[in-house]
Enquirer: 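I'd like to ask you about the structure that follows.
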Amino acid sequence: METVLIPVAIVSGLGLIFGIILSYVSVKYEVKADERIEAVRDVLPGANCGACGYSGCDGYAQAVVDGASITLCPVGGAGLVDSLSEIMGTGGKASEKMVARVMCNGTWDKVTIKFDYDGILDCRSVSTMAGGPSSCVYGCVGMGCCEKVCAFDAIVVENGLAKVIESKCTGCEKCVAECPKDIIKMVPARSQYAVVCSNEEKGAVARKNCKVACIACRRCVKECPQQAISIVNMRAIIDTSKCDNCGKCVEVCPTNAILKCGILCD
Amino acid sequence: MAFKRVFRGGVSTPHHKNTLKSETSVLGTPEKVIIPMVQHIGAPCTPTVKKGDTVKVGQIIGNSDAYVSSPIHSSVSGTITRVEPMLYASGKLVMSIEIQTDGKQEVYEGISPPEVNNREDFLKAIRNSGLVGLGGAGFPTHVKLNPPKDKDVDSLIINGAECEPYITSDYREMIENPTGIIEGIQLVLDYLNINNAIIGIEDNKPDAIKLLAETSKSDKRISIKSLSSRYPQGAEKMLIYATTGRTVLSGKLPADVGCIVLNVNTVSYIAQYLKTGMPLVQRRVTVDGSVVSNPQNVSVPIGTSLKDLFDFCGGFKSQPYKVLMGGPMMGIAQYSLETSVIKNTNAILAFDKKQGDLPEEWPCIRCGKCIQACPMNLLPLELNRLVMADKFEDLDRYHILDCIECGSCSYSCPSKRYLVQSIRIGKDAVKRKVNRV
């Protein structure tokens, strides 16, 4: 009987001693973790998209507490900045909610097809071949690189044209970096009107290449009460900071190159 | 039989040198020419003339201040009708000059043989001549001939390999103008103070080897090397290995192993320029392919449209399915016959559907044939897999930028995978990333 009891007593005694030491050490040498990291992590959207430039939301939470700017998360929008500044006790100007918009409306039926493309169906590859089979070398080639890279299913490619579903877009800008044609632009989500054309050719040429091209006729420039529209490189561009969404430009555009888009139209 | 050093990899392609025997015919003056401002690797030129100006043959119409660039001259006499971005061989819009010819072909007054007494004069003359590598890449020759001071160049390698199927424009130069080639080589050797020149010619052109050997007999500095007829023998690094046994390592240039490589057409043009002073305005182009009525070598003014060129060769036997600028292994497909011949165009090929159609792509069976075929010792199947999976960050580790896009892997693939095309996507992505950082 004794042979059993002695080892049990020894082990229990050791356990007791180590337990006391450990509990003493844990109180004495406690590492104070910043509870704000946890709090920041809780208000972040948790999309882990990396748009802030850090490795996911955990990385950004750590960075915010370490002093990084609190306006870097485009997904969370204005509400997030408010809650972050509350946690961090700092003021911060809210970053405006931005969405991606494909500045092209040239579906296959609006352009002429120059040649049959054979090979890898990838935007980058297609656009090295004479700028793609579409007659407009500036426009969307419709192979869906942006659709593939979008983690939020916010882009669909239909009839040779990518379209952003702006209500789903979080503004992570991954598609912007991916597009070999550079026709995806970030715009404030509140702006509803855009010249959805990227063609920089002269009016007549642009019109020949695509039925809905901006031909730089300046009618919208004259019509706009806010003087928000200007012609840059043979196409109209709406300055979203001046635009008040009146929609007069859409009415005068002869080629329907200006569209009402935005979250309301999805 | 002498021992032939052969590079590792490569493929044996059918030669299809149908135009070997065709003497170069001369295409007169086309009605109009379109001369793009990008005909070389380096900075594009800006037009120095405007719409309505009259120009003469050999007059400068585009120039650039950048060192790696080359001036562009008018190849015809006539009136400038358009100066605007136009369709280029790569399919992009590039600033170009359209000249309506007057048929007189008057030579510009300023043209006279340049005065060359030393190395500096020589390099300056080469730059003024607008000469770029006529073999295909179009690197400005004056830059090539001026390697960094710390590089000890001891060999001049002359590329007469012409390994791509169909093309015979270099071969015709060797047959029709052997003395010009040798004179050009001697000039380069003299002014650059090099004592050794090796002309590398594939052994499927025995008469060219014989002719050049005879012509260069009196000059002990020049030797001829017969190379095995294996694609891509004419690629710079393969050629250096085959002629000198030196290996150009990853990311290095021929000058790092003491070599300068020039095409046979390029050297013979150097001799011609120093004699006449006429800038590079004319070049020989091989026109061939299954649907061309009279395949032949044609000497054309630079800027001639493909349409004029094909018309000169009797038009098409049947509707062309694919038109290539360059050889079948590396050429660029053209979708319009409006594009024009530029300085580095060595061949224009037109094929029917049977020959031009791209085969269907099948899954990789990991047989490794592409690895055996790759002359640069890369793993094309791995590069393809990574690119298709968008894993661009790993590509650098597989040395994707070493790829010379010769097409040997695609050619040898039993699954007909689009290897080179995917590698091009990968190279582009890696380069963009490098630039961004």
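Each chain gets a letter, A, B and so on, in the order its sequence line appears, and its residues count up from 1.
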Enquirer: Got more than 12 heavy atoms from elsewhere within 6.0 Å of NZ, B/Lys391?
Expert: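 No, the 6.0 Å shell around NZ holds no more than 12 heavy atoms from other groups.
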Enquirer: More than 12 heavy atoms of other residues, nucleotides or ligands under 6.0 Å from CD of B/Glu84: yes or no?
Expert: yes
Enquirer: Tell me, yes or no, whether the heavy-atom count around A/Arg219 atom CZ, taken from other residues, nucleotides or ligands under 6.0 Å, exceeds 12.
Expert: no
Enquirer: Could you check whether any side-chain N or O of B/Gln421 sits under 3.5 Å from a backbone N or O of A/Ile120, counting only pairs where one atom can act as donor and the other as acceptor?
Expert: yes
Enquirer: Considering only heavy atoms, give the residues of residues 356-370 of chain B separated from chain A by less than 4.5 Å, sorted numerically, with 'none' for an empty result.
Expert: B/Asp357, B/Leu358
Enquirer: If you count heavy atoms of other groups shown closer than 6.0 angstrom to NZ of B/Lys307, is the number above 12?
Expert: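 Atom NZ in B/Lys307 is not packed in, count stays at 12 or less.
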Enquirer: Rounded to the nearest 0.5 Å, what's the gap from CG on B/Asp428 to OG on A/Ser127? Could you check?
Expert: 8.0 Å
Enquirer: Where do B/Arg424 and A/Asp122 land on the salt bridge (charged side-chain N to carboxylate O under 4.0 Å, His left out) test, with the steps shown first?
Expert: CA-CA 12 Å; B/Arg424 273 191 191 157; A/Asp122 178 295; over 6 Å; no
Enquirer: Rounded to the nearest 0.5 Å, what separates atom OH in B/Tyr335 from atom CD1 in A/Ile113?
Expert: 12.0 Å
Enquirer: Are more than 12 heavy atoms from other residues, nucleotides or ligands located less than 6.0 Å from atom CD of A/Glu158?
Expert: no
Enquirer: Which residues in residues 200-208 of chain A have any heavy atom closer than 4.5 Å to a heavy atom of chain B?
Expert: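 Heavy-atom contacts from residues 200-208 of chain A to chain B are A/Glu201, A/Lys202.
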